[in-house]
Amino acid sequence: MNSRIELRGQGTLTEALGAVARTAALKLRHAVKTRTPGHGEVFLEADALATKPQFVAVIKTVRNFATIGMVKEQLNGLPPGVYPLLVAPYMTRALAERCRDLHLPFIDTAGNAFIQVPGLTIYITGEPQPARRKNDLERRRAYTEVGMKVIFALLCDQKLADATYREIGRVAQVALGTVGPVIKELANRGHLVQRGGIATLINTRELMEAWVARYPEALRPKLFQDRYQADVDRLQALDLHGRQAVWGAEVAAQRLTGYLKPEQFTLYVRGDAKSLLTKARMRLDQNGNTEILQAFWNLPEDPTHPDLVPPLLVYADLMATGDGRNLETARLLHEQLLEPLYRS
DNA sequence: CCGTAATCTCACCCTTGTAG
DNA sequence: CTACAAGGGTGAGATTACGG
């Protein structure tokens with residue numbers, strides 16, 4: 001039933017056997033079963049040794065000490081001459097030390113190992129993590145929630161590309177530690193270069209289109225708070241000045257292009273929207289005409305339209321609806337406001 | 001001050017156990 | 001056998017510590 005997991009474990013096992021053969025000159029091969037196999041257990045033996053020790057191996061990704069304890073527990077009570085063995089993708093030095101303290105033998109795919117059985121003592125730590133795993137971790141950081149927020153901030157304020165990571169994190173409302181990987185991937189994808197010692201956003205048109213295409217799945221659902229039904233006249237009359245809220249989508253498009261008569265209302269808010277709800281007499285309604293989302297930027301506001309979201313977000317929201325009228329307005333918006341900003 | 005790496009936290013999802 | 005709750009693993013992101 002767990003064919004996918006079995007396969008993943010097989011890969012780890014094969015790599016780990018190869019790695020330990022390289023770093024410790026220890027050859028392990030599959031052995032006959034010495035007991036009813038538990039979940040995910042594999043039977044191995046080192047037949048080159050006179051003592052012919054056998055191992056019952058468990059393949060598991062190890063991140064913390066607790067996992068080591070669990071494996072130790074799962075593999076207790078083995079008969080004489082048979083030993084437990086933990087097979088992990090990668091064991092840090094601290095995890096390796098923990099295994100040694102608990103007398104739990106392990107091997108990993110980097111070639112680290114601790115094995116202490118009659119006729120055989122191996123302890124190897126500090127082998128570097130295989131590059132492929134590192135790449136796995138670094139790949140696909142651009143279109144995560146954090147990546148989307150950072151890209152949006154950069155597209156709206158292109159000078160931000162040369163700011164410190166702390167400043168980018170503040171404007172994009174993401175943690176400092178998450179900025180670096182996103183920037184690195186944007187550079188890899190050819191969207192960021194150094195020009196005269198200044199970090200510069202390039203291929204902005206392509207980046208903008210990619211962001212808009214991914215916004216509906218990659219970020220919007222995370223921002224959604226609730227949907228309400230509200231009186232249209234009251235909504236139109238709402239004064240957002242001083243409130244922590246701005247119009248998006250149809251209302252913003254109407255005010256920017258003069259086209260479109262809004263039917264759906266989209267508000268991006270900071271903090272809680274209580275005062276808005278009472279002012280416009282909104283009531284919770286799954287199919288209501290008003291949706292409230294979390295604002296996700298700290299950009300300076302546009303003095304000519306202080307109560308609207310940035311045009312890029314208006315465009316993305318209109319595109320996301322797929323509504324015919326909205327698409328036409330979106331095209332207009334693109335021509336008038338976006339195209340000049342994202343030519344390169 | 002700045003970027004990076006290690007560590008911590010939390011939400012989601014998959015497994016597994018259990019009751020009907 | 002099915003449905004559903006409980007528990008644990010996992011990955012994304014936030015925080016923190018550190019060295020330049």
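Every chain is numbered from 1, with letters handed out A, B, ... down the list of sequences.
Counting only residues at least two apart or in different chains, ring pair (Phe, Tyr, Trp, His ring centres under 6.0 Å) contacts with residues 324-344 of chain A comprise Tyr315(A)-His334(A).
We find that OH of Tyr165(A) is positioned 7 Å from P of dG3(B), with the value rounded to whole Å. Distance, Asp162(A) CG to dG3(B) C1': 15 Å, rounded to whole Å. If you measure from atom CG of Leu219(A) to atom P of dA12(C), you get 16 Å, rounded to the nearest angstrom.
In this structure Glu217(A) satisfies the salt bridge (charged side-chain N to carboxylate O under 4.0 Å, His left out) test with no other residue, sequence neighbours excluded. Residues satisfying the ring pair (Phe, Tyr, Trp, His ring centres under 6.0 Å) test with Phe106(A), not counting sequence neighbours, are none. Annotation: salt bridge (charged side-chain N to carboxylate O under 4.0 Å, His left out) contacts of Arg234(A) (sequence neighbours excluded): none.
Hydrophobic cluster of Val193(A): the remaining members, joined at side-chain heavy-atom separations below 4.5 Å, are Ile202(A), listed by chain and number.
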Query raised in the report: What is the per-nucleotide protein-contact pattern of nucleotides 13-20 of chain C, from the 5' end, where B denotes a base atom under 4.0 Å from a protein heavy atom, S denotes such proximity for sugar-phosphate atoms only, and - denotes neither?
Result: SBB-----

